[in-house]
Engineer: 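The structure's right below; bear with me while I get my questions together.
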Amino acid sequence: YDLLRLVSGSENEAALKEELSQIVKAELLFQRGIFRNLTYTFKHILIQETAYNSLLKSKRKELHLRTARILEQEIPDVPKRQPALLAFHFCEAGELEKAVAYWTIASQRSLTRFANEEAMAQSRRGIEMLKAVPQSPQRAALEVPLQSTLGYALLSGYGYAHPEVRKAFTRALELCEQIGDAPQLFKIAVGLWMYYIIASRMDEALDLSQRLLRIAESTQDPVQHMQSHYCLAFTQYYRADFLASKLIMETALESEVEGCDYSSMSPIGDDWRIHVRVILAHVYWHLGQVRDGERLVREANAIAKELKHPWGIVFAAFQSAWFHQMHGQPALTLKYAAEAIGIAEEKGFGFWLPLTNLLSVWAESRHSNSCMEPKDSSGTEKIKASLDRYRAMGSGAGVSCCLFILAEDYICLGQYDEAVAELENARAFLRETGENFFEPEYHRLHGRIQLDRYRNSGQTEELDEAAIHFKQALALARRIESR
């Protein structure tokens, strides 16, 4: 009622109340509450639309503007708690820049609550409105936070490799470059790097990670220092440059500054100390430093749980599950996978579910029968289905490793033709993308197939083939320093 009274501009409150009473009696409005807590709603949406459309457009704009200004200036918590409401009224009043500013605030507020669909819709409303604003540096500055928030929401809701993620971050980065020294540029570039690395576009990921490193070196910002080192090291890890990745991430760890907010530059809002530790654990596994890796896994999960950021907890749990899968520990793989799945399902983080389910199925098929081989083909088919779902998202990171997991399951089941087909798929993928961190597995698993065939047939040619593949696997592992 108070808002209605202020917007009406009536100086005769008694007359206003009488008119409202007559409308309620005519059953056009519902009245709830008493005294100053009265609220009014239209009995039906069609009545509301008819009343609204009966107003001249100029009168509508006047009322929307008056409503927006009253909400903004006289009801203190509205700008903070209901920015979308202000955006709507300023939009209908034709106050485009004000509306865009509040759509930006609304989308960012939705993002912090992981209301990703809301954040996407609000960002897009703001972007659409800006089409009516002439091109200028000021307009570009208004669009940057909308595009970046859209990118973050898409990333969180649909996964790193969704094509719209690249589109949003690329546009935001272009706008930052038009403006010049835009403060958001680094964080936006990290978002685009995330797209490239998960889409397995290794060359673009490497170029962008090197650019991030140059920015961090110029700013001397400790958060940017850690984040840029992580991006470069993670890229090098997937490219099988384990020693370079190890050195870069150890440098990042050594540079930690107490009291720094290492989530401040994260597109998702989680802490990059988690990322550095758990991915360095993977690198240590490849280099044979398993105990160091286990220590870092524990540290990463402890930080994630202390900070209670759901994305950080899922990231740490998923990567920990993968670490223990590599180390052949089904019980621990199952434990971490279950934790990641539980939070991902609760928060709607769909990106994490296919691969985490893949690891869970792998672990369950071995843990349930105390054997390191699948008991039947049901789990193997689930692994294949999970991988297909992951790739359908546009994701590529880790696909070669997953294809090797699938191929090994087929070998254990004696389905050698299927195993060979998946091995060739993996080889084609790593040659296309440069994701070489599990390349020795191609020859090791071919060697296993030939050795099994020799045991079944006794033909020495197959034993010779197995020996050739095992030697190639060892040579390749030595070349990339993988233990």
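The structure displayed is predicted, hence computed values, not measured ones.
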Engineer: Using the six-membered ring wherever Trp is involved, compare the ring planes of Tyr230 and Phe234 and label them parallel, tilted or perpendicular (cut-offs 30° and 60°).
Structural biologist: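 Aromatic pair Tyr230/Phe234 classed parallel.
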Engineer: I'd like to know if Glu256 pairs up with Arg277 as an ion pair, taking the criterion as any Lys NZ or Arg NE/NH1/NH2 lying under 4.0 Å from an Asp or Glu carboxylate oxygen.
Structural biologist: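 Yes.
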Engineer: As a quick check of understanding, evaluate side chain to side chain contact (heavy atoms under 4.5 Å, CB included) for Arg239 and Phe437, giving each step before the final call.
Structural biologist: CA-CA 6 Å; Arg239 291 162 60 91; Phe437 66 154; over 6 Å; no
Engineer: Kindly check if the number of other-residue, nucleotide or ligand heavy atoms within 6.0 Å of CD (Glu97) is above 12?
Structural biologist: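 No.
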Engineer: Just by distance, no angles: are the side chains of Gln122 and Ser107 close enough, under 3.5 Å, to form a donor-acceptor pair?
Structural biologist: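 There is no such pair (donor and acceptor under 3.5 Å, judged by atom type) between the side chains of Gln122 and Ser107.
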Engineer: Return yes if some donor-acceptor pair links the side-chain N/O of Ser365 with the main-chain N/O of Trp362 below 3.5 Å, else return no.
Structural biologist: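 Yes: the side chain of Ser365 pairs with the backbone of Trp362.
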Engineer: Can the ring centroids of Phe114 and His309 be said to lie less than 6.0 angstrom from one another?
Structural biologist: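 Ring centres of His309 and Phe114 closer than 6.0 Å.
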Engineer: Check the orientation of Phe315 and Trp352. Use parallel for under 30°, tilted for 30 to 60°, and perpendicular for over 60°.
Structural biologist: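 It falls in the perpendicular class, over 60°.
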Engineer: Would you please classify the geometry between the Phe242 ring and the Tyr237 ring as parallel, tilted or perpendicular, with 30° and 60° separating the classes?
Structural biologist: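 If you compare the ring of Tyr237 with that of Phe242, the planes turn out tilted.
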Engineer: Give a yes or no answer on whether the side chain of Ser360 reaches the backbone of Asn357 with a donor-acceptor pair at less than 3.5 Å.
Structural biologist: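 It does not hold such a pair.
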Engineer: With ring centroids as reference points, do His286 and His282 lie under 6.0 angstrom apart?
Structural biologist: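 Centroid separation for His286 and His282: 6.0 Å or greater.
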Engineer: Is it true that Glu204 and Arg201 make a salt bridge, defined as a side-chain N closer than 4.0 Å to a carboxylate O?
Structural biologist: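 Yes.
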Engineer: Do the side-chain N and O atoms of Asp271 and Ser266 include a donor-acceptor pair separated by under 3.5 angstrom?
Structural biologist: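 There is no such pair (donor and acceptor under 3.5 Å, judged by atom type) between the side chains of Asp271 and Ser266.
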Engineer: Please lay out, stage by stage, how His275 and Trp272 fare under the test ring pair (Phe, Tyr, Trp, His ring centres under 6.0 Å).
Structural biologist: CA-CA 5 Å; His275 292 239; Trp272 285 81; 4.5 Å; yes
Engineer: Would you say Gln325 and Thr333 are linked by a side-chain donor-acceptor pair, where the criterion is simply a distance under 3.5 Å?
Structural biologist: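 Side-chain D/A pair, Thr333 to Gln325: absent.
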Engineer: Is there a side-chain contact between Lys187 and Val223, using heavy atoms and a 4.5 Å cut-off?
Structural biologist: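 No; the side chains remain at least 4.5 Å from each other.
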Engineer: Checking Arg389 against Ser386: is there a side-chain donor and acceptor pair closer than 3.5 Å?
Structural biologist: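 Side chains of Ser386 and Arg389: pair found under 3.5 Å.
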Engineer: Around atom CZ of Arg81, are there more than 12 heavy atoms from other residues, nucleotides or ligands closer than 6.0 Å?
Structural biologist: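 No - once you tally the heavy atoms of other residues, nucleotides and ligands closer than 6.0 Å, there are 12 at most.
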Engineer: Among Tyr195, Phe351, Phe169, exactly one meets side chain to side chain contact (heavy atoms under 4.5 Å, CB included) together with Leu155. Which residue is that?
Structural biologist: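 Among Tyr195, Phe351, Phe169, the one that satisfies the side chain to side chain contact (heavy atoms under 4.5 Å, CB included) with Leu155 is Phe169.
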Engineer: So, taking the atom named CG in Asp388 and the one named CE in Met393, what distance separates them when rounded to the nearest 0.5 Å?
Structural biologist: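 Going from the CG atom of Asp388 to the CE atom of Met393 covers 12.0 Å.
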